[in-house]
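Have a look at the structure below before the remarks.
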Amino acid sequence: MTEHAHTVGDTPNIKRGLFWFRHDQRLHDNVGLRLLAEEVDELTMVYIVDDNLFAATTFGLNRLSDKRLAFLCQSLEDLDTQLQRHHQSLFTFKGRPADIITALLQEENYTHLGINLFGGFDERAQLQQVKEACPNISVVEGEACTLFNEDDLPFEISEMQGVFSPFRRKVEKYSQVVPCEPALAHYPLLHKPTCCNQLRFENTSRVEMESNHTANKTAHIGGELVALSHLEYYLFEAKAAASYKETRNALDCWEDSTKLSPWLANGNLSPRAVMQEVKRFERDIVENESTYWIFFELLWREFFHWLQIKHGSQWFCFSGTQQITPNTTHDPEQFDAWCKGETGYPIVDACMKQLSETGYMSNRGRQLVASCFVHELRQDWRYGAAYFEHALLDYDVGSNWGNWQYLAGVGSDPRGHRQFNLQKQTHTYDPEGLFRRKWLG
Ligand code: FAD
């Protein structure tokens with residue numbers, strides 16, 4: 001693995017690059033990595049596990065459940081395994097990301113930093129901090145977390161409207177999904193950092209879990225290889241995209257929606273790769289309203305991604321982007337009961353049990369539990385969002401806080417006050433009680 005490795009203090013004039021993986025834990029369609037690899041002679045690739053994720057936030061929870069952490073470990077392990085085949089390696093550290101990147105850049109004579117831009121408030125602040133601390137480093141920035149590049153959007157982000165439909169109409173008319181790039185065939189030489197007190201994760205019996213996945217295909221396991229294999233399975237084996245629009249609201253079946261969200265959130269899968277394969281499905285199998293609707297839903301992800309940049313820290317404020325103060329409060333007992341699935345509303349409790357046991361909940365389930373939290377229990381929506389951040393394998397800062405604001409009536413919903421009738425919804429989505437029996441026992 002290290003046969004090509006250079007040590008520190010070697011030839012001057014060598015261009016040495018540090019690539020910082022974040023929500024782009026993959027080799028396919030990794031624009032920032034490709035751009036950096038074109039620039040440098042030597043390369044180090046790192047991932048920093050943010051210490052902050054393990055500390056309790058103001059909402060009393062940490063930001064990384066054991067299940068989320070396991071998914072992340074699987075994903076990083078998969079990335080490292082793939083890189084080893086290219087005589088490269090993934091170096092993983094734990095601490096404050098901007099501080100560690102700054103220390104590495106300064107201590108190891110790097111000339112370049114490579115990164116894919118990401119819209120999250122913390123991620124943007126961290127990159128800014130590094131740029132300010134290391135003004136002499138050339139920063140090579142790619143865009144690979146979204147369908148569109150910022151320059152291709154038909155509006156300035158500062159002018160973006162906070163409602164989905166006008167956004168969708170404009171991007172559908174004027175913007176093109178960026179083509180997906182293949183993984184690199186060759187990498188620059190590995191530079192192994194000397195200050196390398198790397199993290200070693202417990203091997204979370206990945207092999208066993210992977211074979212499980214192949215056997216029953218119903219588990220979220222972190223990593224690019226599993227992500228690509230699930231996409232292939234969903235589209236070309238199950239051919240489930242052909243009926244996505246009719247089934248997507250179901251509460252529990254693996255093929256009823258794409259289940260791509262955890263892989264998209266960690267960046268094991270690029271949204272552009274998803275669209276490339278959906279287009280292939282449309283050419284080879286069928287093109288219908290359902291196949292279009294996968295694109296439509298990805299546009300929601302896109303919408304929240306760009307909108308969060310416009311709103312900065314307002315994204316996390318009680319009064320939301322609309323600056324309306326909700327008439328709700330925080331009651332620790334009610335909050336605890338909701339998290340544990342003990343509210344007394346069976347459909348809500350079943351969904352919350354599903355979340356704590358699997359790290360996943362359907363979109364319909366999320367709408368119901370959030371509506372109950374805000375309207376029936378009259379709780380401060382930010383606590384609900386914080387619990388989702390802790391528990392969801394697919395936690396994404398744009399989609400999570402954007403959807404919560406929407407349901408709390410302080411965000412992008414032009415109608416406001418979106419309260420679901422839980423009895424009616426139960427009758428529609430769980431008429432025979434199968435879902436409730438499964439999760440409530
Ligand atoms: P599919 O129905 O197959 O959709 C395909 C893809 O489109 C998804 O993987 C996702 O990337 C995107 N998408 C679908 N619906 C939405 C939506 N409403 N908003 C944004 N993107 C969407 N999604 C996350 O990825 N991360 C979150 O943290 C998150 N938090 C949410 C919180 C609440 C309160 C609600 C109501 C929704 C939240 N969603 C979040 C959106 C949505 O519920 C999930 O993306 C979806 O259920 C994931 O399952 P899937 O991949 O099978 O989705």
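Atoms within each ligand, like the ligands themselves, are counted from 1 in listed order. Values below: every heavy atom of this structure, side chains too, minus hydrogens, waters and symmetry copies.
His28 has its side chain out of reach of Glu181: every pair of non-hydrogen atoms, C-beta onward, lies at least 4.5 Å apart. Contact of the Asp24 side chain with the Phe19 side chain is registered, since non-hydrogen atoms from C-beta on lie closer than 4.5 Å. Using a 4.5 Å heavy-atom cutoff, the side chains of Trp401 and Gln308 are not in contact. Using a 4.5 Å heavy-atom cutoff, the side chains of Phe91 and Thr44 are in contact.
Of the protein's non-hydrogen atoms, Thr258 OG1, 2.6 Å is the one closest to atom 3 (O) of ligand 1. The nearest heavy-atom contact from the protein to atom 13 (N) of ligand 1 is Glu297 O, 3.4 Å. Atom 26 (N) of ligand 1 has Asp394 O, 2.8 Å as its closest protein atom, hydrogens excluded (heavy atom only). Summary of contacts: the protein heavy atom closest to atom 6 (C) of ligand 1 is Leu298 CD2, 3.8 Å. Atom 42 (C) of ligand 1 has as its closest protein heavy atom Asn363 OD1, 3.3 Å.
Between the side chain of Trp381 and the main chain of Phe318, a donor-acceptor pair closer than 3.5 Å is present.
Residue contacts with ligand 1 include Tyr360, since one or more of its heavy atoms lies under 4.0 Å from the ligand. Heavy-atom distances between Ile294 and ligand 1 stay at or above 4.0 Å for every pair.
Using a 4.0 Å cut-off between a side-chain N of Lys or Arg and a carboxylate O of Asp or Glu, Arg272 and Glu277 do not qualify as a salt bridge. Under 4.0 Å is where a charged nitrogen must lie from a carboxylate oxygen, and between Arg418 and Asp413 at least one such pair does.
Residue-ligand proximity, Ser261 to ligand 1, at heavy-atom distances under 4.0 Å covers atoms 9 (O), 25 (O), 48 (C), 49 (O), 51 (O). Ligand 1 places these atoms under 4.0 Å from at least one heavy atom of Arg301: 11 (O), 20 (C), 21 (N). Of all the atoms in ligand 1, the ones that sit under 4.0 Å from a non-hydrogen atom of Lys259 are 50 (P), 51 (O), 52 (O). Per-residue contacts place Leu264 under 4.0 angstrom from the following atoms of ligand 1 (heavy atoms of the residue considered): 9 (O), 11 (O). Close contacts between ligand 1 and Asp396 involve ligand atoms 26 (N), 27 (C), 28 (O) [criterion: under 4.0 Å to a heavy atom].
Here atom 38 (C) of ligand 1 lies nearest to Asn403 when heavy atoms of Leu392, Asn403, Leu393, Leu269 are compared. Nearest residue to atom 20 (C) of ligand 1 from Ala385, Ser399, Ala408 is Ser399 (criterion: closest heavy atom).
Only the side chain of Tyr244 comes within 4.0 Å of ligand 1, judged by heavy-atom distances. Only the side chain of Phe388 comes within 4.0 Å of ligand 1, judged by heavy-atom distances. Only the side chain of Leu407 comes within 4.0 Å of ligand 1, counting heavy atoms alone; its backbone N, CA, C and O stay farther away.
Between Asn400 and ligand 1, at least one pair of N/O atoms sits closer than 3.5 Å.
Counting only N and O atoms by type, the side chains of Ser175 and Asp152 include no donor and acceptor under 3.5 Å apart. Residues Asn268 and Arg26 bring no donor and acceptor atom of their side chains to less than 3.5 Å of each other. Between the side chains of Glu224 and Gln25, no donor-acceptor pair of N or O atoms lies under 3.5 Å. Looking at Glu297 and Asn363, their side chains never bring a donor and an acceptor atom within 3.5 Å of each other.
Under the 4.0 angstrom criterion, atom 10 (C) of ligand 1 counts as lacking any protein heavy-atom contact.
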